[in-house]
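Okay, so here's the structure we're looking at.
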Amino acid sequence: MFDQFYQQSSEHLKLAFLDETFQKYPNLKEDFLAFYLKPSDSPLKMTVGDPDDFIIANTDLIKADLESIEINEPDWEDYVPRHSGYIPEYEAMENLAEDQISRMLGLHVSEVERYCTIKHFDLAFLYIISLYHACIEAELDDEYETLPHASNTMLNLLENQLQERDALFKVIQLSPDQLFTIATVIFDQFQKYFREDSMFLKFFEPLLFDVIHSGAGASILLDAIENQKATEHVPWLVSELHRKTGGQAVWEQSARQLCKKNISVAQSLLEYYGRENKAEFVHIARELWFNGLFQAEFAHLYFEGLEPAEDPELYLAVAFYLNKRQFSEASYRVLLELMGKEERLDYIESFKWNRSAYVQALCMEEKYTEALRFAGQHIDRWNIVDVMTPCLHFQPVSALDLLERKIEELLVDERGRNFYERIAEVLKIAAEIPAIKENTEKLAIRIYSFYSRLSALRDELRIAGLVKI
C-alpha cells in the first residue's frame, strides 16, 4: 500500500513530509547531508564503449537530414506568417527556412527524449553532441543566402528545442557512471574539436547544471572539468558546482576566484555582498572596475549601491563614466562634490555639442550668464524644452525673458503641431516655478491672443492648461 500511495503523491506533499520529519528527528539532517555528499562506492567507469563512433554515425544522419531541406524553392503552403501586415519576401523565406529547420531538429530532439525515457541518459547527451556537430558541419543548399549565418541559426533553433524540454533534464536521475561518461565525453569533445569554439561549452553548461542534484554528482563533474583544465571556460558552472559541494562559503571562495572571468559570477557575488557585506561589495566592485571589467553592465549598480564616502575614487570614476555616456544631474552632482572645479570646467567643454547637457552643467556650476548666452545662441524648435528647462530652474526671471524672445523669433518661420507642443510644454514647466508663475501665465495668454491664426498652437496652450478659454 505504501508504494501505491507514495508513487501517486505530489512532490509538494513529499517535501512537506520530509520537512516535518526533520523537525521531529533532527539527527536525520546529518544522514541527509551524508547521502547528498556520498561519493560513488566503486571506481567510476564509462557506460558507452565507443562514444566517438556513436557521435559520428548520428552526426552524419542528422547532417544529411538538415542538408535535405529545400530552402531555395520552399513550399509556401507550409508558411505561417510571424505577424500580420506586409512581410518582405526575403523575410518570409528566412522565416520559412527557420521553421523547416526547427521541425527537423525537433524530430531529432525527440530521439533525445526517447533515450531519456528508457533511462539511457548517457546516449541522450551523446545524441545532443551529434546535433551540435551537425549544426556546425551541415552545408545547406542556400543559393540566395536566405540564412547568412546558417550554423548560428541552426544552433539557436536547437537551443530553443532543448529549452522546451528543460523540465525533462531537471528531473532525470543520472547514475554516477552515466554522469562520469557524459562529462568525460563532453570535455573530451571540447579538447578534440572545439577548443576554438567559445560557444560549445556554453551550450552544454545549463544542461549539465540541470542534471546535477547532489553534492556527489557535482564532485564528479568538477573532477572532469579540472582534469581537462577547462575551469576558465565554464566559470559560472564551476562556481555553482562548488555551491552544491560545499555550500555558501565554498561558493563564495570559488566566486571570488572566478568573478573576473564571467559576468554572471561577478553579478551573483556583488548581489550577495550587497546584502551581506558592504565592505566586500566595495572591494569587489573596485577590483572589477579598475581592471576595466563589466563597466557598462555594473556602472548603475555601483552608482546606486555605493555612497561617495565609501570609496570616493571609485564613486567619482563611476559617476564620470555614467555622465560621459549620458549626462544626468545626479551624476554631475557627484562630480561637483568630488572633482576639482578647473577640471570640471575643462570637462564640460568636451560635450558642448550636447547643448542641453552643456547648459545644465553651466547652471550647476553657477555660470548663469554663460548658460543664458549659450542658450540664446543655440535654441531651436527641437531643443527648446531641454535647453530652457535648466535655465528656468536656476535663473527663472532672466530665463523667462529669454524664452519669450526665442518663441517670438521661432514663430516667424517655424510651424507644425509638434513645435507647438514643445512651446506649450516649456511654458507649463515655467508656470510650475513659483517665482515666474504669474508672468508665465500672462505670457501664455499674450501668445494665445497674438497668434490667433495659429489654431493648433492655441489648442496646445489650452491642452496644457495654460489658457482657460
Side-chain angles (χ1 to χ4, degrees), residues 198-199 201-202 205-206 209 225 229-243 246-354 356-358 360-362 364-365:
S198 62
M199 295 308 299
L201 289 181
K202 286 187 183 352
E205 199 173 21
F209 180 75
I225 293 170
K229 298 181 173 53
T231 297
E232 66 179 35
H233 299 285
V234 283
W236 174 82
L237 179 60
V238 168
S239 70
E240 291 302 319
L241 291 173
H242 277 120
R243 194 200 299 269
Q248 193 72 10
V250 176
W251 167 80
E252 182 183 343
Q253 182 180 0
S254 173
R256 288 185 73 116
Q257 294 171 353
L258 297 170
C259 64
K260 292 180 183 178
K261 298 181 181 298
N262 182 270
I263 188 171
S264 296
V265 177
Q267 184 167 352
S268 295
L269 190 62
L270 285 166
E271 289 173 354
Y272 171 69
Y273 282 143
R275 297 188 305 269
E276 304 294 334
N277 190 328
K278 196 59 177 294
E280 287 303 318
F281 177 91
V282 175
H283 176 77
I284 296 298
R286 183 180 179 84
E287 195 171 348
L288 293 173
W289 185 271
F290 289 112
N291 277 284
L293 297 171
F294 319 129
Q295 291 183 341
E297 294 84 357
F298 293 157
H300 283 287
L301 174 66
Y302 301 151
F303 190 76
E304 294 165 8
L306 291 171
E307 296 295 332
E310 290 173 324
D311 192 320
E313 183 185 18
L314 173 60
Y315 206 79
L316 174 60
V318 171
F320 190 75
Y321 175 87
L322 288 173
N323 206 70
K324 286 188 72 174
R325 293 185 73 191
Q326 183 174 1
F327 181 91
S328 74
E329 183 176 349
S331 56
Y332 198 79
R333 287 200 182 284
V334 176
L335 304 191
L336 285 174
E337 182 180 347
L338 300 176
M339 184 185 282
K341 184 166 186 176
E342 291 304 316
E343 189 178 1
R344 291 197 311 271
L345 294 178
D346 287 341
Y347 164 58
I348 67 175
E349 291 300 312
S350 69
F351 57 84
K352 200 170 185 177
W353 57 271
N354 185 344
S356 60
Y358 185 68
Q360 176 82 36
L362 286 174
M364 294 177 73
E365 293 288 349

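Residues: numbered from 1 along the sequence shown. Every value quoted in this text rests on a predicted model; they were computed, and no experiment measured them.
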| note | Here the gap from Glu240 atom CD to Leu258 atom CG, rounded to the nearest 0.5 Å, amounts to 11.0 Å
In residues 230-239, what donor-acceptor pairs under 3.5 Å come from side-chain atoms, sequence neighbours left out?
| unit_1 | atom_1 | unit_2 | atom_2 | d |
| --- | --- | --- | --- | --- |
| Ser239 | OG | Trp236 | O | 2.8 |

| query | So how far is it from Leu293 CG to Asn262 CG, rounded to the nearest 0.5 Å? | reply | 11.5 Å
| field | Minimum heavy-atom distance between Leu270 and Ala285, given as atom pair plus value | value | CD2-N, 4.0 Å
| message | Before you tell me yes or no, could you show the steps for Phe294 and Leu301 under side chain to side chain contact (heavy atoms under 4.5 Å, CB included), namely the whole-Å CA-CA distance, both residues' side-chain angles and the distance that decides it to 0.1 Å? | response | CA-CA 11 Å; Phe294 319 129; Leu301 174 66; over 6 Å; no
| query | When rounded to the nearest 0.5 angstrom, what is the spacing between CD1 in Ile284 and NZ in Lys260? | reply | 8.5 Å
| message | Using every non-hydrogen atom in the two residues, find where Ala266 and Cys259 come nearest and quote the distance to one decimal. | response | CB-O, 3.4 Å
| task | May I have the step-by-step check of side chain to side chain contact (heavy atoms under 4.5 Å, CB included) for Tyr332 and Gln360, ending in yes or no? | result | CA-CA 9 Å; Tyr332 198 79; Gln360 176 82 36; over 6 Å; no
| When you look at NE2 of His283, are more than 12 heavy atoms from neighbouring residues, nucleotides or ligands closer to it than 6.0 Å? | yes
| With sequence neighbours left out, what residues match Tyr315 under ring-ring contact (aromatic ring centres under 6.0 Å, His included)? | Phe303
| Taking side chain as C-beta onward, heavy atoms only, is Leu306 less than 4.5 Å from Asp311? | no
| said: Check this for me: does any side-chain nitrogen of one of Glu349 and Lys352 sit under 4.0 Å from a carboxylate oxygen of the other? | reply: yes
| Pairs flagged by salt bridge (Lys or Arg N to Asp or Glu O under 4.0 Å) wherever residues 339-348 is involved - sequence neighbours left out | Arg344-Glu365
Please report, to 0.1 Å, the donor-acceptor pairs under 3.5 Å made by any side chain of residues 316-323, with sequence neighbours excluded.
| unit_1 | atom_1 | unit_2 | atom_2 | d |
| --- | --- | --- | --- | --- |
| Tyr321 | OH | Ala296 | N | 3.4 |
| Asn323 | OD1 | Ser328 | N | 3.4 |
| Asn323 | OD1 | Ser331 | OG | 2.8 |
| Asn323 | ND2 | Tyr347 | OH | 3.0 |

| note | So the salt bridge (Lys or Arg N to Asp or Glu O under 4.0 Å) pairs with at least one residue in residues 312-324 (sequence neighbours excluded) are Arg286-Glu313
| Do the charged groups of Glu337 and Arg333 touch, with an N to O distance under 4.0 Å? | no
| Within-4.5 Å side-chain heavy-atom neighbours: Ile263 and Phe298 | yes
| Once you round to the nearest 0.5 Å, how far does CD of Gln257 lie from CG of Leu269? | 11.0 Å
| query | Under a 4.5 Å cut-off applied to non-hydrogen side-chain atoms, are Gln267 and Glu297 in contact? | reply | no
What side-chain donor-acceptor pairs closer than 3.5 Å can you find for residues 246-254, not counting sequence neighbours?
| unit_1 | atom_1 | unit_2 | atom_2 | d |
| --- | --- | --- | --- | --- |
| Gln248 | OE1 | Arg243 | NH1 | 3.2 |
| Glu252 | OE2 | Tyr273 | OH | 2.5 |
| Ser254 | OG | His242 | ND1 | 3.1 |

| message | With a 4.5 Å cut-off on side-chain heavy atoms, are Arg275 and Phe281 touching? | response | no
